[in-house]
Q: 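First the structure, then my questions, so here it is.
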Amino acid sequence: MIAAEDVALVLLAAGQSTRFPGGNKLEAEFLAQPVGLHVVTALEAVPFLARFVVTDGTKLHFAACEVIHNDAPEIGMAHSVKLGVARAAQTEAKAVLIALADMPRVTATHIYRLFDAVEGDDAVVTSSDGVNPCPPAVFGRGRFGFLQSLKGDQGARDLVRAGRHVVTSPAELIDIDTPEDLERLMQLVHAPERRG
């Protein structure tokens with residue numbers, strides 16, 4: 001178990017939205033708020049040691065987060081992870097929570113369940129829908145060096161698969177990559193913005 005006060009949040013918000021024609025998916029409207037700000041709102045009461053958001057210049061304002069600019073998002077998500085973890089390593093954080101800004105249904109309750117499953121500096125605790133592990137995930141300080149050595153988008157997959165998995169509802173782990181993903185989520189929650 002780890003206290004929230006010992007964890008740095010690293011929120012990844014630098015995707016290129018290549019499968020979301022017509023704009024940045026994080027700026028798309030969902031339940032009267034941009035997609036990319038839902039996680040920030042959901043976690044605003046969690047007393048993290050520090051909050052960092054890695055972004056490539058979206059217009060969104062990530063309240064209470066230190067912004068880290070990723071000037072090369074095209075080289076993959078690992079670069080954003082490296083930037084965020086490198087900054088977190090400069091703090092007294094005993095772990096990082098890596099979350100994605102395109103997962104608007106994540107709850108603080110689930111994040112606390114992840115924290116409850118953390119054991120030691122080498123901990124790897126990830127979310128799961130019961131089949132596949134995915135973010136959000138907690139990495140103990142002993143894993144910071146490995147995370148800073150990643151390349152591309154797939155470097156941490158084996159580590160995540162071998163880690164501890166905390167199962168939650170698949171609906172909580174929906175991520176938005178395409179307009180169709182967003183439309184399905186709007187239908188699921190009966191969002192007033194839905195087009196169908």
Side-chain angles (χ1 to χ4, degrees), residues 1-16 26 36-37 39-58 60-103 106 108 110-128 133-166 173 175:
M1 178 179 204
I2 193 167
E5 293 86 351
D6 291 324
V7 180
L9 169 65
V10 174
L11 181 63
L12 305 183
Q16 294 189 284
L26 299 182
L37 296 183
V39 173
V40 175
T41 301
L43 303 184
E44 65 187 357
V46 178
F48 291 106
L49 175 73
R51 296 168 188 265
F52 306 109
V53 59
V54 182
T55 179
D56 60 351
T58 176
L60 299 179
H61 174 67
F62 294 92
C65 293
E66 178 182 321
V67 175
I68 300 168
H69 187 71
N70 179 352
D71 57 2
E74 70 279 357
I75 65 177
M77 188 186 299
H79 186 56
S80 287
V81 171
K82 288 161 75 167
L83 291 170
V85 173
R87 180 64 186 92
Q90 297 170 359
T91 72
E92 298 297 316
K94 295 178 182 175
V96 292
L97 171 72
I98 296 178
L100 306 183
D102 65 357
M103 296 178 77
V106 168
H110 177 61
I111 298 307
Y112 278 111
R113 290 180 62 226
L114 294 176
F115 293 165
D116 286 346
V118 171
E119 294 179 5
D121 283 349
D122 288 330
V124 176
V125 179
T126 187
S127 305
S128 174
C134 65
V138 180
F139 297 89
R141 192 171 189 94
R143 303 292 187 171
F144 286 12
F146 173 80
L147 292 172
Q148 291 179 77
S149 73
L150 296 176
K151 291 182 172 33
D153 279 331
Q154 301 182 13
R157 287 194 181 174
D158 290 340
L159 181 64
V160 163
R161 282 192 193 108
R164 194 166 185 183
H165 300 170
V166 176
L173 301 177
D175 67 331

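Just so you know, these numbers use all the heavy atoms, side chains as well, and skip hydrogens, waters and symmetry mates. Everything numeric in this text was worked out from a predicted model, so none of it was measured.
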Q: Can you tell if the side chain of Phe115 reaches within under 4.5 Å of the side chain of Val46, non-hydrogen atoms only?
A: yes
Q: Quick check: closest heavy atoms across Ala123 and Arg143, and the distance to 0.1 Å?
A: O-CG, 3.8 Å
Q: For Ala63 and Val40, work out which heavy atoms get closest and say how close.
A: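 Nearest heavy atoms, Ala63 then Val40: O-CG1, 4.1 Å.
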Q: State the CG-CG distance between Leu26 and Leu60, to the nearest 0.5 angstrom.
A: 6.5 Å
Q: Between Leu37 and Phe62, is any pair of side-chain heavy atoms under 4.5 Å apart?
A: yes
Q: For Glu5, enumerate each residue passing the salt bridge (Lys or Arg N to Asp or Glu O under 4.0 Å) test, keeping only those at least two apart in sequence or located in another chain.
A: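 Per chain and number, Glu5 pairs via salt bridge (Lys or Arg N to Asp or Glu O under 4.0 Å) with no residue.
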Q: Which pair of heavy atoms, one from Pro47 and one from Tyr112, lies closest together, and at what distance?
A: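 Between these two residues, the closest heavy atoms are CD-OH, 3.2 Å.
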Q: I need the minimum non-hydrogen distance between Ala42 and Ala108, along with the two atoms involved.
A: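 Smallest interatomic distance, heavy atoms only, reads O-CB, 3.6 Å.
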Q: Do you know which two heavy atoms are closest between Val96 and Val7, and how far apart they sit?
A: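 Heavy atoms of Val96 and Val7 come nearest at C-CG1, 4.0 Å.
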Q: Can you pull out every salt bridge (charged side-chain N to carboxylate O under 4.0 Å, His left out) where at least one residue sits in residues 116-126? Sequence neighbours excluded, please.
A: Glu119-Arg164
Q: Can you pull the side-chain hydrogen bond (donor to acceptor under 3.5 Å, both in side chains) pairs that have at least one residue in residues 39-49, sequence neighbours excluded?
A: Gln33-Thr41
Q: Between Met103 and Pro135, which heavy-atom pair has the shortest distance, and what is it?
A: CE-O, 3.2 Å
Q: Can you tell which of Leu11, Ile68, Leu83 makes a side chain to side chain contact (heavy atoms under 4.5 Å, CB included) with Phe52?
A: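 It is Ile68, the one option of Leu11, Ile68, Leu83 that forms the side chain to side chain contact (heavy atoms under 4.5 Å, CB included) with Phe52.
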Q: Less than 4.5 Å apart, side chain to side chain, heavy atoms only: is that true for Val10 and Val81?
A: no
Q: Distance-only, no hydrogens or angles: does the His165 side chain make a donor-acceptor pair with backbone N or O of Cys134 under 3.5 Å?
A: no
Q: Between the side chain of Ser127 and the main-chain N/O of Pro136, is any donor-acceptor distance below 3.5 Å?
A: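 A pair under 3.5 Å: yes.
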Q: Can you sort out the partners of Arg113 under salt bridge (Lys or Arg N to Asp or Glu O under 4.0 Å), two or more places apart, ordered by chain and number?
A: none
Q: I'd like to know if the side chain of Arg161 and the backbone of Pro133 have a donor-acceptor N/O pair within less than 3.5 Å.
A: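 Here the side-chain-to-backbone pair does not exist.
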Q: Counting C-beta onward and ignoring hydrogens, is there a side-chain heavy-atom pair between Ile98 and Val85 closer than 4.5 Å?
A: yes
Q: To the nearest 0.5 Å, how far apart are CG in Leu97 and CZ in Phe48?
A: 5.0 Å
Q: For residues 89-98, which residue pairs pass the salt bridge (charged side-chain N to carboxylate O under 4.0 Å, His left out) check, not counting sequence neighbours?
A: Asp6-Lys94
Q: Rounded at 0.5 Å granularity, tell me how far CG in Leu12 sits from CG in Asn70.
A: 9.5 Å
Q: CE/Met77 to CG/Leu150 distance, rounded to the nearest 0.5 angstrom?
A: 11.0 Å
Q: Using the test salt bridge (Lys or Arg N to Asp or Glu O under 4.0 Å), find all partners of Arg87 that sit at least two apart in sequence or belong to another chain.
A: Glu66
